[in-house]
Amino acid sequence: MKNIFKDLKRKDHKRYLGGLDVFKYIGPGLLVTVGFIDPGNWASNFAAGSEFGYSLLWVVTLSTVMLIILQHNVAHLGIVTGLCLSEAATQYTPKWVSRPVLGTAVLASISTSLAEILGGAIALQMLLDIPIVWGSVLTAVFVSVMLFTNSYKKIERSIIAFVSVIGLSFIYELFLVKIDWPVAVQGWVTPSFPEGSMLIIMSVLGAVVMPHNLFLHSEVIQSHEYNKQDDASIRKVLKYELFDTLFSMIVGWAINSAMILLAAATFFKSGIQVEELQQAKSLLEPLLGSSAAVVFALALLMAGISSTITSGMAAGSIFAGIFGESYHIKDSHSQVGVILSLGIALLLIFFIGDPFKGLLISQMILSIQLPFTVFLQVSLTSSRKVMGQYVNSRWSTLVLYTIAIVVTVLNIMERNLLNERFITIEKLADGELSHKLPGLTVKFSFAETFLGEVLVASTPQGVCYMAFVVRGRDMAESEMMNRFPGVFFEIGTDEHQRRALAALSADEENMETVPLHLKGTDFQLRVWNELLKIPFGETATYGEIAAALQNPKAYRAVGTAIGDNPVAVLIPCHRVLRTDGTLGGYHWGLEHKVQLLEWEKQHKKAE
């Protein structure tokens with residue numbers, strides 16, 4: 001007992017790293033987490049939850065595991081070498097390798113900034129009804145002020161605050177809905193592949209690793225100026241860096257999971273398919289109230305701003321690294337990198353105009369650059385010349401290269417699918433689907449049929465549009481062109497149009513194959529494919545179509561997709577009735593719907 005009291009009086013105890021000291025290491029990982037919850041991930045998560053409920057939660061779990069491994073590895077590079085990924089590439093690889101990789105990485109950061117600025121602009125449009133272009137200007141200006149007038153420590157605290165707001169927003173949203181927790185838990189750990197889900201699975205997985213985040217993590221991990229004078233201190237830093245990465249990525253996992261949970265408990269439950277962030281906000285209001293919609297938009301704004309900040313920092317780090325320097329906002333090379341990323345991205349938004357087209361272009365560039373960055377990182381951390389005794393083990397190298405290959409393939413596949421906005425559907429006797437490449441020129445013409453005048457349009461791959469002329473030719477042309485912004489139109493006919501018009505005077509058994517080259521989402525194409533399966537002369541209900549898609553609650557989303565059908569008659573949306581047997585609506589007027597049903601009925605009797 002005396003020894004205990006004597007020990008209590010001592011003031012020379014050796015200091016050990018305690019539980020609270022761990023928080024000194026928290027921060028760099030949260031900056032990287034921002035890229036894990038950026039507006040692009042929001043779109044994928046809400047699509048996953050609204051269309052497939054809780055069944056794709058496992059994708060978030062898997063993507064988080066891959067992200068932890070890759071980000072932890074690149075952070076090791078920064079801690080051990082004292083160099084960011086860009087500096088290490090400049091120092092340890094030939095110029096013919098480093099310059100092209102880092103040059104394209106700068107372009108990728110510009111593409112990332114483009115998408116993140118648009119995310120902030122979309123949020124401002126939701127909150128204040130500000131046009132996308134001016135919302136983009138406000139977002140870029142605010143981020144520039146943040147980056148050029150604040151130290152890294154202040155930026156880090158701001159990002160932590162932004163992430164906290166996002167997290168608290170989703171906690172609030174989840175309190176407003178009823179979550180089926182047993183099903184959700186099963187969804188987190190049980191892989192499943194519902195019909196038609198592969199595009200969304202690839203979208204969620206493929207968006208996990210972004211090139212700029214790998215450069216950023218290796219840079220910001222050095223910002224805390226850890227004591228690394230000996231092996232013991234380096235190993236201690238590596239240990240607690242892992243804690244920072246784990247903690248931060250779990251925060252990202254929770255926020256991404258919350259998005260899917262919210263979408264599943266609201267939209268999926270109500271049979272509503274969400275395809276755009278603006279749509280999600282507008283639909284939340286009637287389901288959960290105006291406050292829920294505002295909180296959603298506020299969280300999106302925080303995500304857009306914070307991800308734009310980290311994108312700008314990454315650009316500064318990459319550009320400075322080309323000249324063998326680390327990131328510092330007072331350094332001219334870092335400043336040029338930030339200005340290039342934000343400035344060029346903002347200019348592109350002015351020229352592009354269409355937000356979706358801007359996002360599409362940005363994702364295409366990222367998919368091209370990503371393999372170079374990932375494999376550069378793994379090759380450097382697997383080099384004993386670079387890492388010394390902290391080089392990757394053979395097992396670690398195998399795991400890292402495997403993940404690098406998987407993530408790269410997923411990104412390329414997902415971006416290609418997003419790029420193929422036109423998907424050819426050949427209408428065969430058995431309703432079979434086949435896919436071909438997109439065309440850029442659309443020919444169109446007007447023709448008289450027994451049902452009235454129609455406008456028919458085609459690409460070199462097939463018919464892309466056919467509509468009854470209800471309100472005059474000018475209005476019909478305008479509606480067609482609004483469906484295909486940026487496409488070159490010319491007046492003319494071709495074999496595809498001839499076959500489409502011939503189909504209006506023959507029954508299905510004798511009609512020629514008509515290739516359809518359609519613009520639509522994955523869900524819309526699945527609905528239109530089901531319409532092809534409705535037998536000639538027969539009808540189906542919206543509920544039956546939803547059930548055929550293995551999502552009975554999606555009858556409203558089915559109705560919306562049917563209303564967006566761009567090809568009258570050939571995709572027989574006129575054969576869909578309400579559950580009570582009444583006609584329901586028809587885009588080109590109920591008179592045409594009645595005529596078509598009666599025409600098919602008479603042909604079937606004649607057979």
Side-chain angles (χ1 to χ4, degrees), residues 23 26-43 45-46 67 71 109 112-128 130 135-136 138-174 207 210 212-213 216-217 219-221 223-224 244-245 247-259 262 277 281 292 294-317 329 338 341-342 345:
F23 289 101
I26 298 296
L30 286 173
L31 266 72
V32 177
T33 299
V34 167
F36 193 21
I37 55 175
D38 74 336
N41 288 81
W42 283 50
N45 290 330
F46 274 91
L67 189 63
Q71 295 293 163
S109 74
T112 304
S113 294
L114 173 67
E116 315 303 26
I117 291 172
L118 282 172
I122 290 171
L124 287 174
Q125 186 181 57
M126 292 178 181
L127 289 168
L128 304 173
I130 298 175
S136 299
L138 290 175
T139 301
V141 169
F142 179 81
V143 168
S144 298
V145 172
M146 286 285 292
L147 286 172
F148 282 96
T149 62
N150 290 282
S151 65
Y152 168 78
K153 289 292 185 183
K154 291 182 179 180
I155 293 292
E156 186 180 273
R157 287 195 289 268
S158 299
I159 295 296
I160 292 174
F162 291 150
V163 172
S164 299
V165 170
I166 297 169
L168 291 172
S169 298
F170 278 104
I171 290 174
Y172 169 77
E173 302 273 10
L174 291 180
M210 302 175 74
H212 80 288
N213 263 350
L216 181 66
H217 202 176
E219 180 72 66
V220 298
I221 196 64
S223 62
H224 285 218
D244 173 49
T245 299
F247 172 79
S248 302
M249 297 305 108
I250 289 173
V251 169
W253 169 85
I255 292 176
N256 279 286
S257 295
M259 295 180 196
L262 177 63
L277 292 177
K281 187 261 184 181
V294 171
V295 169
F296 174 87
L298 178 63
L300 177 61
L301 179 61
M302 295 297 100
I305 290 174
S306 56
S307 58
T308 306
I309 289 173
T310 57
S311 176
M313 291 177 66
S317 173
I329 196 58
V338 172
S341 181
L342 301 182

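Quantities reported herein were computed from a predicted structural model and do not represent experimental measurements.
With Ser307 as the partner, the side chain to side chain contact (heavy atoms under 4.5 Å, CB included) test is satisfied by one option alone out of Thr33, Asn213, Val34: Val34. Looking at Thr310, Ile309, Thr308 one by one, the single match for side chain to side chain contact (heavy atoms under 4.5 Å, CB included) with Leu147 turns out to be Ile309.
The nearest pair of heavy atoms linking Ala140 to Ile117 is CB-CD1, 4.2 Å. Residues Phe162 and Met302 come closest through the heavy atom pair CD2-SD, 3.4 Å. Val295 approaches Ser169 most closely through the heavy-atom pair CG1-CB, 3.4 Å. Of all the heavy atoms in Gly312 and Val338, the pair that sits closest is O-CG2, 3.3 Å.
Using a distance-only test at 3.5 Å, with no hydrogens or angles considered, no donor-acceptor pair links the side chain of Gln125 to the main chain of Gly135. No donor-acceptor pair closer than 3.5 Å links the side chain of Ser109 to the backbone N or O of Ala314. Between the side chain of Ser317 and the backbone N or O of Met313 there is no donor-acceptor pair closer than 3.5 Å.
Put simply, CG on Leu301 and CZ on Phe142 are 8.5 Å apart, with the number rounded to the nearest 0.5 Å. To the nearest 0.5 angstrom, Met146 atom CE is 8.5 Å from Ile305 atom CD1. Atom CE of Met259 is separated from atom CD of Glu173 by 11.0 Å, given to the nearest 0.5 angstrom. Atom OG1 in Thr139 sits 8.5 Å away from atom CD1 in Ile130 (nearest 0.5 Å). To the nearest 0.5 angstrom, Ile160 atom CD1 is 12.0 Å from Ile155 atom CD1. To the nearest 0.5 Å, the span separating CE on Met249 from OG1 on Thr245 amounts to 6.0 Å.
Ring geometry for Phe46 versus Phe170: interplanar angle of 30 to 60°, hence tilted.
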- [ ] I would like to know whether Leu127 and Leu300 meet side chain to side chain contact (heavy atoms under 4.5 Å, CB included); could you show each step before the answer?
- [x] CA-CA 10 Å; Leu127 289 168; Leu300 177 61; over 6 Å; no
